[in-house]
J.: 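Right, I'll just put the structure down here and ask away after.
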Amino acid sequence: MVQYNFKKITVVPNGKDFVDIILSRTQRQTPTVVHKGYAISRLRQFYMRKVKYTQTNFHEKLSTIIDEFPRLGDIHPFYGDLLHVLYNKDHYKLALGDSLYRCKCLKVAALGRMCTVLKRIGPSLAYLEQVRQHMARLPSIDPNTRTILICGYPNVGKSSFINKITRADVEVQPYAFTTKSLFVGHTDYKYLRYQVIDTPGILDRPFEDRNIIEMCSITALAHLRAAILFFLDISGSCGYTIAQQAALFQSIKSLFLNKPLIVVCNKTDLQPLDGLSEEDMKLVNEMKAEALKTSIGHGGEGTDADVLLTMSALTEEGVIAVKNAACERLLNQRVEIKMKSKKIKDCLNRFHVAVPKPRDQKERPLCIPQAVLEAKAKQAAAEEKRKTEKDLEEENGGAGVYSMNLRKHYILADDEWKEDNLPEILDGHNVYDFIDPDILHRVEELEREEGLRQAEADDDDFEIDGTELTLEQQEALAEIRRKKSILIQQHRIKKSTAESRPTVSRKFDKDRQFTTERMGRQLSSLGLDPSMAINRMRSRSASRKGRKRERSPEGRNDGMDIDDDTPSKKQRLSRSLSRSRSVSRPPHEVVPGEGLRDSAQKIKAIKLAKGSSKKRNKNAKRGEADRVIVNLKPKHLYAGKRSNGKTDRR
């Protein structure tokens, strides 16, 4: 597949930029220091090296431009004529040839001469840059692939058609020459990709008077092997009559030779084909006859239905039929051409079809076992498609028209009852309540179950109030309630944690269950010494009593009568000093259970722990969680002398 990618052509700089690029590269890539003590041969070599390097760079740059631009004689004739129409072949060749000629002259010129020559060819370089930019915007057209070409007068519906069958987005406006260049879209037919080209409108006038826009269409018609769709506006809304469009068809019919041609009558929503006058219909039939001749001329079997089609791009009526007909005609023609080519003959010569010769005149019919025939019959019966509701919907008008019958599968004694109207309310009663024959029996069971549940609920709410009990029963009931309350309180005390457990007051500890003797017995059973715990509890209770007596008015020694209950500052201070303070345990004191022998061994262990962590602490680095005070004035920005240059970064 031949593809011409004009977007890869290198940018062509103008004359001044060309000189700056070459001279700056020469200055960077060649020596720049020369001393007066050098020999004359060394000085000559120094400057000749600059000249040669500059000449080489000029030659490489200009050769790249010449090689990347396409040569009109080497590319496809379609692109050759298109470039000639757009850019004038003589001017194009002269610009490239001028560059090549000047490049050869650089061999014997010096730096100044080179720059002068580049300045002289500046207009040619500017022209080549404009050509390169325009060529990069040209659509990528493959001249050898399956192509459908749309042509006709301006404003006859060509762009609307390509927008309908492809994903192209060509501008559509109600005036002539909206499309000023070639536009390409792609469509699929029978799993093959087709290239659809929308050409600008063509006017019926002499070849010399046509402009560049029209010549783009003529070039595509002349050089591309494609199926031609000649669009005909039979309504006349494009501004041109059918006679003018027929004259254009006759003038360019030589470009349709050996190509599938279809005459498409567009805008049938405004003017049907049957409503044309006799003169216009005669012109349409003449164009149809010419298209039929073209179809038969290249070996095809064309019919009237194949070469003359009607459509409306607005209502999309006949759009897909036109596309399918064009693709089918083009595909058949390409297959016929390949079958007639020499390449296919070479392939067919490699095949040999063997046909057995009859040995006698006896007929030998096919022998198929009966089991196979029965299996095929069952398979055919199973493949018979049952009509679904979707099929019935499509047969009876489609969605919104067809209403599905939900009663046709009802199982009733008589099929005629399926279409009867069933009332919902009859004589003030819900009809569905009487459908179940056992409805009354179920209602009785429900009422019986409801009565039993209600009786159980009444039994649960029964509470003894004591009015009907004897004196002995009332005493027993009071004792039961007292024991119940005690059990609830004991359970709550056991359930609470040690921190939230309240202190047991004397009135609740009448049985003396919570005593120091009991705590001592429990600790002794666990193998612990209870003396320290008992002494601590007794000291706490004594200190509380002492503080309570100190706070009482009887414990005051000042002998003053105080009317106000608010204590003075001195009294508050003395009270705070009188309180017992908790004394912390020294670090060297040995606590039972630590695994150390005495205080000396514990002090030694503490020293060893501190020594082992000292090295680790020294190697520790600052982390992201540590407190950091950033340096707001870095020294490298605020120290030293500052020059006269820019100081924005400071």
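All values below come from the heavy atoms of this structure, side chains included, with hydrogens, waters and symmetry mates left out. Keep in mind that this is a model prediction, so the values were computed, not measured.
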J.: Let me confirm one number: the CZ-OH distance from F230 to Y153, rounded to the nearest 0.5 Å.
T.: 8.0 Å
J.: Determine yes or no for a side-chain-to-main-chain donor-acceptor pair under 3.5 angstrom, with T179 supplying the side chain and P200 the backbone.
T.: no
J.: Got L203 and P154 here, is their nearest side-chain heavy-atom distance under 4.5 Å?
T.: yes
J.: Give me the atom names and distance for the closest heavy-atom approach of E129 to V12.
T.: OE1-N, 2.8 Å
J.: So, does K50 use its side chain to make a donor-acceptor pair with the main chain of P31 at under 3.5 Å?
T.: yes
J.: Is the closest side-chain heavy-atom distance between I66 and R71 below 4.5 Å?
T.: yes
J.: Are R205 and N211 side-chain neighbours, meaning at least one heavy-atom pair lies under 4.5 Å?
T.: yes
J.: Should the heavy atoms of other residues, nucleotides or ligands under 6.0 Å from CZ of R225 be counted, would the total exceed 12?
T.: no
J.: Considering non-hydrogen atoms only, spot the tightest contact between A226 and P260 and give its length.
T.: O-CD, 3.8 Å
J.: So, the side chain of N14 versus the backbone of A126: is there a donor-acceptor pair under 3.5 Å, distance only?
T.: no
J.: Give, for atom CG of L62 and atom CG of L118, the distance between the pair rounded to the nearest 0.5 Å.
T.: 6.0 Å
J.: Supply the atom-to-atom distance L224 CG to H76 NE2, rounded to the nearest 0.5 angstrom.
T.: 7.0 Å
J.: Yes or no on side chain to side chain contact (heavy atoms under 4.5 Å, CB included) for K607 and K610, after CA distance, side-chain angles and deciding distance?
T.: CA-CA 5 Å; K607 287 183 179 180; K610 289 183 178 179; 5.9 Å; no
J.: Would a distance-only check, ignoring hydrogens and angles, find a side-chain to backbone donor-acceptor pair under 3.5 Å from D81 to T219?
T.: no
J.: Any donor and acceptor pair, going by atom type alone, linking the side chain of Q133 with main-chain N or O of Q130 inside 3.5 Å?
T.: no
J.: Counting distance only, does the side-chain N/O of T199 pair as donor-acceptor with the main-chain N or O of I150 below 3.5 Å?
T.: yes
J.: Given side chains that start at C-beta, do those of T54 and T30 come closer than 4.5 Å, heavy atoms only?
T.: no
J.: Would a distance-only check, ignoring hydrogens and angles, find a side-chain to backbone donor-acceptor pair under 3.5 Å from S63 to E60?
T.: no
J.: Go through F161 and M311 one step at a time and tell me if the side chain to side chain contact (heavy atoms under 4.5 Å, CB included) criterion holds.
T.: CA-CA 10 Å; F161 177 73; M311 60 161 279; 3.7 Å; yes
J.: In Å, rounded to the nearest 0.5 Å, how long is the span from CG of N144 to CD of Q195?
T.: 10.0 Å
J.: Compare all side-chain heavy atoms of I75 with those of L83 and state whether any distance is below 4.5 angstrom.
T.: yes
J.: Applying the side-chain hydrogen bond (donor to acceptor under 3.5 Å, both in side chains) test to K267, which of S237, S312, S235 qualifies?
T.: S237
J.: Can you check whether Y240's main-chain N or O pairs, donor with acceptor, with Q245's side chain at less than 3.5 Å?
T.: yes
J.: Looking at G201 and E214, what are the two nearest heavy atoms and their distance?
T.: O-CG, 3.6 Å
J.: Does K323, at its NZ atom, have more than 12 non-hydrogen atoms belonging to other residues, nucleotides or ligands within less than 6.0 Å?
T.: yes
J.: For V131, check side-chain contact (heavy atoms from CB on, under 4.5 Å) against everything at least two apart and list the hits.
T.: F69, Y87, Y92, Y127, M135
J.: What pair of heavy atoms forms the shortest contact from N258 to Q333, and how long is it?
T.: O-NE2, 2.9 Å
J.: Side chain to side chain contact (heavy atoms under 4.5 Å, CB included), that's the test. Do K338 and V335 meet it? Break it down for me.
T.: CA-CA 5 Å; K338 288 183 179 179; V335 170; 5.8 Å; no
J.: NZ of K7 to OG of S140: how many Å apart, nearest 0.5 Å?
T.: 4.0 Å
J.: Give a yes or no answer on whether the side chain of R146 reaches the backbone of R193 with a donor-acceptor pair at less than 3.5 Å.
T.: yes
J.: Looking at Q45, I want to see if its CD is surrounded by more than 12 non-hydrogen atoms of other residues, nucleotides or ligands under 6.0 Å.
T.: no
J.: Under the 3.5 angstrom rule, does the side chain of K602 hit a backbone N or O of E589 as a donor-acceptor pair?
T.: yes
J.: Decide yes or no for E317 and D269: does some side-chain heavy atom of the first lie under 4.5 Å from some side-chain heavy atom of the second?
T.: no
J.: For the atom pair CG (L221) and CD1 (I197), what is the distance rounded to the nearest 0.5 Å?
T.: 9.5 Å
J.: Does the pair Q601 and K604 meet the rule for a side-chain hydrogen bond (donor to acceptor under 3.5 Å, both in side chains), with working shown?
T.: CA-CA 5 Å; Q601 190 178 13; K604 185 177 180 181; over 6 Å; no
J.: Nearest heavy-atom pair of A291 and V307: which atoms, and what distance?
T.: CB-CB, 3.9 Å
J.: Return the set of residues passing salt bridge (charged side-chain N to carboxylate O under 4.0 Å, His left out) with E208 (not counting sequence neighbours), or none when no residue passes.
T.: none
J.: Should the pair K8-E68 be classified as a salt bridge under the 4.0 Å nitrogen-to-oxygen rule?
T.: no
J.: Looking at every non-hydrogen atom in both residues, tell me the closest pair between C238 and D233 and how far apart they are.
T.: N-OD2, 3.0 Å
J.: Is there a side-chain contact between I141 and V184 (heavy atoms, below 4.5 Å)?
T.: yes
J.: Which is it for K288 and V263 under the side chain to side chain contact (heavy atoms under 4.5 Å, CB included) test, yes or no, and what are the steps along the way?
T.: CA-CA 7 Å; K288 182 175 69 173; V263 179; 5.8 Å; no
J.: Under a 4.5 Å cut-off applied to non-hydrogen side-chain atoms, are C265 and L308 in contact?
T.: yes
